[in-house]
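Step one of this worksheet: look at the structure below.
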Amino acid sequence: MKIASWNVNSLNVRLPHLEQWLADFAPDVVGIQETKLEDHKFPDTRLLELGYRNVFAGQKTYNGVALLSRHPIEDVQIGIPGFEDEQKRVIAGTVNGVRIINLYVVNGQDVGTDKYEYKLRWLAAVHDWIADELHKHPQLVVLGDFNIAPDERDVPDPMVWNENHILTSTAERAGLRKILELGLHDGFRLHNDEGGIFSWWDYRAAGFRRNLGLRIDLTLVSDALKPRAQASGIDREPRTWDRPSDHAPAWVQLAQG
DNA sequence: ATGGTAGTCTCACTA
């Protein structure tokens with residue numbers, strides 16, 4: 001089962017790319033972030049025509065998440081239970097017995113801002129919820145745009161992307177580490193050791209051409225699923241297309257359970 | 001330290 005995460009940065013603009021990529025890559029499940037679409041504008045019938053069941057939680061202009069699947073999606077959850085949040089950043093469902101949590105983690109703007117404080121509170125809340133989910137569903141994948149680069153291999157220059165910088169700060173990485181310590185593994189790092197493999201490149205300053213990016217889109221697999229994780233990677237191809245998203249899809253493949 | 005680009009019921013905000 002191929003499971004992927006892709007921040008499309010407006011599904012309205014990127015639907016042709018998504019359609020092309022679904023045809024090329026044939027994922028079983030995709031977690032989408034930054035749809036930027038209200039629910040009544042979500043292209044649900046078009047995606048069904050392409051063979052993808054879908055569930056979604058959106059809003060105007062910002063945020064918005066969805067799950068697409070070739071197989072039935074059960075027990076759908078929108079948002080973090082008990083955490084009041086107007087921003088649509090979380091959707092979860094169960095596919096073929098695997099619980100899949102799709103996250104659009106808060107960006108945080110800059111260290112020390114209100115948005116940064118919101119990011120840290122949000123990470124603490126999602127941590128506590130994932131702990132509960134892991135007890136109910138040992139076979140768990142947590143994927144999404146984490147807006148955190150796990151370590152120095154995941155940035156072009158650790159002197160710039162340091163412990164005081166947004167997306168790499170000590171508190172953000174500690175928040176991610178606490179989530180991993182619940183019993184999750186960075187799927188990409190199960191099969192790839194090298195640095196300089198990124199999933200996001202800033203539109204500005206020719207980031208993609210110069211490979212000045214970050215690896216912030218992650219697919220985490222639980223202890224119970226780790227033996228089934230047989231391959232993983234980042235598909236740079238859609239980032240080369242005309243008018244691309246600034247993110248590329250990150251994926252992990254599970255052997256039949 | 002700044003600025004660069006892209007998306008959105010924009011002339012500002014988020015990323």
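Just so it is clear, the values below take in all heavy atoms, side chains as well, and ignore hydrogens, waters and symmetry mates. Note on naming: letters A, B, ... go to the chains in the order of the sequence lines (proteins, then strands), and numbering restarts at 1 for each one. Here the structure is a predicted model, which means the values were calculated and not measured.
The closest side-chain donor-acceptor pair between A/N7 and A/W200, if any, does not fall under 3.5 angstrom. A donor-acceptor pair shorter than 3.5 Å can be found between the side chains of A/H185 and A/D223.
Open room surrounds CG on A/D114; 12 or fewer heavy atoms of other groups in view lie less than 6.0 Å from it. At most 12 non-hydrogen atoms from other residues, nucleotides or ligands lie less than 6.0 angstrom from CD of A/E152.
At the phosphate of B/dT14, OP1 or OP2 sits under 4.0 Å from a side-chain N or O atom of A/K115. At B/dT14, none of the side-chain N or O atoms of A/T61 fall inside 4.0 Å of OP1 or OP2 (strictly under the cut-off). Of the side-chain N and O atoms in A/R14, one or more sit less than 4.0 angstrom from OP1 or OP2 of B/dG7.
For A/A205 and A/W200, each mapped to the nucleotide of DNA chain B holding its nearest heavy atom, the one lying further toward the 5' end belongs to A/A205. Of the two residues contacting DNA chain B, namely A/K41 and A/N7, the nearest-nucleotide position lying further toward the 5' end is that of A/K41.
Nucleotides B/dT2 and B/dA6 have their P atoms positioned 23 Å apart, rounded to a whole Å. Remark: the separation of the P atoms in B/dA1 and B/dA15 is 22 Å, to the nearest Å. If you take atom C1' in B/dG4 and the same atom in B/dC9, they sit 26 Å apart, rounded to whole Å. Taking atom P in both B/dG7 and B/dG3, one finds a spacing of 22 Å when rounded to whole Å.
Backbone-only engagement by A/Y104 is indicated by non-hydrogen atom pairs under 4.0 Å involving sugar-phosphate atoms exclusively.
Computed from coordinates, the A/R204 CZ to B/dT14 P distance equals 13 Å when rounded to whole Å. In this structure, A/D242 places its CG atom 12 Å from P of B/dG7, rounding to the nearest Å. Rounded to whole Å, atom C1' of B/dC13 lies 15 Å from atom NZ of A/K60. The interatomic distance linking A/Q33 (CD) with B/dA15 (P) rounds to 14 Å, in whole Å. One can place NE2 of A/H247 at 14 Å from P of B/dA6, the figure rounded to the nearest angstrom.
Ring geometry, A/F25 versus A/W21: the interplanar angle falls under 30°, so the pair is classed parallel (tilted spans 30 to 60°).
You'll find that the side chain of A/Y62 is closest to B/dT14, out of B/dT5, B/dT14, B/dA15. Listed nucleotides: B/dG7, B/dC9, B/dT14. Nearest to the side chain of A/N9: B/dG7.
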